[in-house]
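Count residues from 1 along the sequence. Please read these numbers as outputs of a predicted model, since none were measured by experiment. Side chains included, hydrogens not; waters and symmetry mates left out as well; all remaining heavy atoms used.
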Amino acid sequence: LAVGMNDHIAKPINVDDMFKTMAKWVTPKNNSPLPNKPTAPQQETDTDLIPLELPGIDTEAGLAITQGNHKLYLKLLNKFHDGQADFVERFTKARHHKTDSMAAERCAHSLKGVAGNIGANILMNAAADLEQACMHNLTDIELDKALTAVQTPLCQVLTSLSSATLSKKRKPGSGQTLDQEAFKVLLHRLSQLLQDNDTDAIEVIDELHQLPGIEQYSSILNKLTKAIEAYDFEQGLKVLNKLVTP
C-alpha cells in the first residue's frame, strides 16, 4: 500500500472475486461500461463421484475455485493424491539439499498452493507456516514442529482421497475386453493433439483411462499424462509410440 498498490487478488484464485476486484479498478479508455463476465458453459458433472463430506477438505470452496466444474475438481483431487502422498519424504530430502538452499521452501510453497486449490484450508495454512519457517531459517527443532503440524492434516486429506468413491474413478473395472476400434480412434486423436502441442490431449487420456479393459496400458497412460502436464509433447509422442507400435 505504501508504494501505491491499491488491491490484492490472493491465491487460491476465486474467479468471481477476481472479476469483482478487477472491475473495481479497471476503467475502459472509451468510458464504456465494462462487459459482463462471460457465463461459464454448462459443465459435465461427476457429482456421484465426489462425496459431499471429505474430512480435511472444504469441497464447496474447492468447487468455487473450479467454478462448479466437478470434472476438473475431481481431477485436482486425484492429482493431489498422486502428487503429495510422498510430501514428507520429498521435503526431508529438499531440506538437506547441499546446493539448493531454497528447495525445502519451494516444496512447502507447492503444497500450500495445491492444498488451497482443492479447499484443504487447514493443510494450506500449515504448509504456509512451514514455508515461513523455511524462509526465516528457523532452528531444526522449530522446523520439525512446523513439519509435524503439516503431517496431521496432510494424512487426513490423503486418507479422504483414498476413499472408495474416488478410487472408482481412478481404477476402472478389470477383466473386460478392450474395444480395439474405440482404442485406435482415441490414439489417433491423441497423436494429432500431441503433434499440435495441444494440452487437450489430457482429455483424450482421461477417455482412454475409462475404456473397459484398458488396465494393461495404465502405466504408459500415466507417463503420457506427466509428459503433457510438463508440456513435453515430444516426449509424449515417444511414449505414445509404445502404444501404437506392436
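- Between Asp206 and Lys71, no side-chain nitrogen of the basic residue sits less than 4.0 Å from a carboxylate oxygen of the acidic one, so the salt-bridge criterion is not met.
- Under 4.0 Å is where a charged nitrogen must lie from a carboxylate oxygen, and between Asp144 and Arg95 at least one such pair does.
- Looking at Tyr73, its side chain never comes within 3.5 Å of a backbone N or O of Gly68 through a donor-acceptor pair.
- In this structure, Asn117 CG and Lys112 NZ are separated by 11.5 Å, a value rounded to the nearest 0.5 Å.
- By the 4.5 Å heavy-atom criterion applied to side chains, Asp17 and Ile9 are not counted as neighbours.
- Atoms NE2 and CZ, from His96 and Phe91 in turn, are 9.0 Å apart once rounded to the nearest 0.5 Å.
- Other residues, nucleotides and ligands contribute over 12 non-hydrogen atoms within 6.0 Å of the CD atom of Gln180.
- Taken together through direct or relayed side-chain contacts under 4.5 Å among Ile, Leu, Val, Met, Phe, Trp and Tyr, Ile228 and Leu186 form part of one hydrophobic cluster.
- The distance from the CG atom of Leu194 to the CD atom of Glu234 is 11.5 Å, given to the nearest 0.5 Å.
- Counting heavy atoms from C-beta on, the side chains of Lys145 and Thr148 never come closer than 4.5 Å.
- Between Ser191 and the choices His188, Arg189, Gln195, the side-chain hydrogen bond (donor to acceptor under 3.5 Å, both in side chains) rule is met once, by Gln195.
- Atoms CD and CG, from Glu203 and Leu193 in turn, are 10.0 Å apart once rounded to the nearest 0.5 Å.
- Separation of atoms CG (Asn121) and CG (Asp58) is listed at 5.5 Å; rounding is to 0.5 Å.
- Between Cys134 and Leu143, some side-chain heavy-atom pair lies under the 4.5 Å cut-off.
- No donor-acceptor distance shorter than 3.5 angstrom exists from the side chain of Thr152 to the backbone of Ala149, with no hydrogens or angles considered.
- Rounding to the nearest 0.5 Å places CG of Leu77 at 11.0 Å from CG of Asp82.
- Of the possible polar contacts, none joining the Glu105 side chain to the Met102 backbone as a donor-acceptor pair under 3.5 Å is found.
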